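Quantities reported herein were computed from a predicted structural model and do not represent experimental measurements. Numbers restart at 1 for each chain; the letters A, B, ... are given by sequence-line order, proteins then strands.
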Amino acid sequence: MSFLNLVKTTADFELRHGVSVRRIAVSGVLTLFPPSMLFLILVNGGPIALDINLVICVFVFLVGLLALLLWATPNVYSELESRGWIFVSSRSGGRISVLFGKYIAAIVNAWLICLFSVTLCLLIGDSIGSFQQPIARLWFGYLGLITLAVLAYGSIFSFIGVMFQKRAMVIAAVYAMGSDLFLANVPALISKFTVRYYLHGLGLKWLDIRFGRTRRGDIPEVFSFPAEFPQILSILVLIGFTIAMLAAAAYVIRYREYVTNDEA
Amino acid sequence: MIEFKNVTKLYKSVIGVNDISLNLEPGAYGLLGPNGSGKTTFINLITGQLKPTIGEVSVFGVTPTQDDSILRKIGLCPALEPFYHRLTGFQWVVYLTRLHGINAAEAKELAEQALENVGMSENMNRPISSYSLGMRQRCKLAQAMAHNPELLILDEPFNGLDPVGRIEMTDYLRGWIDNGRSLILASHVLHEVEAVHPRFLLISGGRLLASGSPTEVRELMTDCPHVFKIKSDDCQKLSGLLLQAINIDKIELDPKQQTVEIATREATLLYGVINDIVNDQHVKIFQISSSEDSLQELFTNLLKIHRGEL
């Protein structure tokens with residue numbers, strides 16, 4: 001059986017049997033959070049100093065990161081906790097199947113949450129005429145950004161999951177805050193080492209976001225420096241980054257010893 | 001089939017296995033040792049879950065940590081109990097079988113057959129959460145056997161099985177061996193292992209104390225005292241007479257039970273001496289029991305040798 005079928009085995013298993021009331025509830029809350037926040041903001045007079053697309057981006061970005069933190073990061077840890085690791089890792093394709101299968105399941109979940117969320121946000125925003133661009137164009141812009149984002153962040157969190165047997169989610173959260181909320185905003189070379197730099201640049205072009213643009217138009221534009229980076233290169237960097245992270249994670253999970261608390 | 005060359009496994013400063021060298025040909029082996037003796041570490045080294053800190057492990061001619069394709073030839077039933085309780089037994093076994101690279105249709109057939117072999121046909125479509133401990137144990141055995149491995153490794157497989165289940169499992173494992181397939185059966189309960197009739201590996205403190213059939217191991221320890229329990233109407237007199245007649249390492253009297261327990265390296269002389277005592281001294285002997293054929297005695301004595309007590 002091919003590598004793809006092995007991956008499909010665990011992905012199918014996770015998507016079918018990983019569904020629980022708790023997971024559905026969490027997914028529902030995450031999906032509804034951005035449109036709810038947007039609705040409240042618009043009802044109260046709209047964003048004072050920010051483009052409405054930027055508001056959507058920030059909330060969906062946070063929700064997507066949280067979904068991936070919850071489901072991509074504990075790839076090995078969840079198996080160790082459920083004592084399933086010894087069973088899957090004693091299979092000839094078990095380790096790789098778990099890594100990629102859980103990665104696929106996590107990014108599918110996160111992708112669906114983000115996409116539904118964005119769709120609701122766009123419908124809410126459009127109903128009160130908040131957008132200057134056609135929402136179909138915006139939706140496709142978001143679709144591209146969400147797809148690239150969940151692929152890249154999912155791979156990073158999967159890598160962190162296989163690297164750190166304990167506290168992987170804490171480490172992933174610290175990484176997300178440190179790298180993508182802090183470093184990505186630094187107008188220097190170091191920002192190019194973050195995923196958000198490239199997403200940011202693509203977002204500026206695909207969604208026509210202007211950080212400083214407001215309804216009043218009196219705040220100067222800031223943080224628009226990633227827009228200078230070529231689009232195609234941004235996409236290639238993100239895909240390359242995803243592949244590199246997954247390859248590194250595959251190497252680590254294949255050769256690393258994981259010992260459950262019971263065995264230790 | 002399995003070769004260990006000076007294998008030591010350390011968990012930081014704790015020794016899991018200590019300088020084990022062995023070469024196991026295909027066959028059935030009972031891995032005996034008390035809890036914490038290194039049995040699970042030994043198994044995890046075979047299956048490539050752990051890398052040796054020192055030394056080399058080779059299974060079916062390859063290093064298991066380098067080439068996981070050999071796992072297709074191994075069926076592992078760990079002692080750990082997983083928490084896949086929302087699944088049915090059948091779904092769980094099918095999933096794990098598919099992880100060996102077996103397609104869905106074949107995996108379903110193999111899982112069904114394996115569950116039937118362990119007597120779980122009727123209950124395989126119920127959620128694992130509704131299973132008794134014994135049924136979960138059977139499910140674990142089924143997932144180990146489903147892909148028809150050449151080597152079956154069972155870590156404490158009798159845990160949770162009722163007496164009927166134990167007999168059935170013993171029969172099944174004997175059948176497995178009779179079909180020419182290999183087995184490693186780890187347990188800390190000797191009679192479970194004895195019932196399957198394997199050669200055995202005795203491990204304690206991470207060290208391999210002995211290996212081979214019970215007879216072969218006994219040859220290694222001819223100087224070890226054998227223990228006899230003798231029930232008599234006059235224990236004190238019997239004790240005195242035995243002490244005069246043969247060399248005795250240890251003697252214990254239990255007047256309430258009217259028994260004398262002795263440990264002697266002159267077991268062959270003992271029966272003649274007792275015959276003389278009965279005929280000449282008119283001491284009545286009601287019962288003589290010896291555990292010399294039991295693995296328990298070998299196990300106890302080898303541990304004593306290892307600790308320097310013998």
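- Between the side chains of A/Ser89 and B/Gln49, a donor-acceptor pair is found at a separation under 3.5 Å.
- Interface with chain B: from residues 100-120 of chain A, no residue qualifies, criterion being any non-hydrogen pair under 4.5 Å.
- Atom CZ of A/Arg167 has 12 or fewer heavy atoms from other residues, nucleotides or ligands within 6.0 Å.
- In this structure, A/Leu80 CG and B/Leu80 CG are separated by 10.0 Å, a value rounded to the nearest 0.5 Å.
- A pairwise comparison of heavy atoms in B/Leu99 and A/Leu6 identifies O-CD2, 3.7 Å as the closest pair.
- Note: B/Leu96 leads B/Leu96, B/Thr47, B/Leu76 in heavy-atom pairs under 4.5 Å with chain A.
- Around CZ of B/Arg126, the count of heavy atoms belonging to other residues, nucleotides or ligands within 6.0 Å exceeds 12.
- Between A/Tyr255 and B/Lys51, the shortest heavy-atom contact is O-NZ, 3.0 Å.
- The shortest non-hydrogen separation linking A/Ser92 to B/Leu71 is N-CB, 3.8 Å.
- Annotation: the span from B/His100 atom NE2 to A/Ser90 atom OG amounts to 6.0 Å, rounded to 0.5 Å.
- For chain A, the option among B/His147, B/Gln91, B/Gln143, B/Arg72 with the highest count of heavy-atom pairs below 4.5 Å is B/Gln143.
- Across every non-hydrogen atom of B/Pro82 and A/Arg83, the tightest pair is CB-O, 3.8 Å.
- Electrostatic pairing of B/Asp68 and A/Arg254 counts as a salt bridge here, judged by a charged N lying under 4.0 Å from a carboxylate O.
- Using a 4.5 Å cut-off on side-chain heavy atoms (C-beta onward), B/Tyr95 and A/Val88 make contact.
- Contact annotation for A/Phe13: only side-chain heavy atoms (C-beta onward) come within less than 4.5 Å of a heavy atom of chain B.
- Other residues, nucleotides and ligands place no more than 12 heavy atoms under 6.0 Å from the CD1 atom of A/Ile190.
- Here B/Arg98 contributes atom CZ and A/Lys8 contributes atom NZ; the two are 6.0 Å apart, rounded to the nearest 0.5 Å.
- Counting heavy-atom pairs under 4.5 Å between each of B/Ser69, B/Pro78, B/Pro64 and chain A puts B/Pro78 at the top.
- If you take CG on B/Leu50 and CD on A/Glu257, they are separated by 5.0 Å, rounding to the nearest 0.5 Å.
- A pairwise comparison of heavy atoms in A/Arg91 and B/Ala144 identifies NH2-N, 4.5 Å as the closest pair.
- Within a 6.0 Å sphere centred on CZ of B/Phe158, heavy atoms belonging to other residues, nucleotides or ligands number more than 12.
- Annotation for A/Phe39: atom CZ does not count as buried by contact number, only 12 or fewer foreign heavy atoms lying within 6.0 Å.
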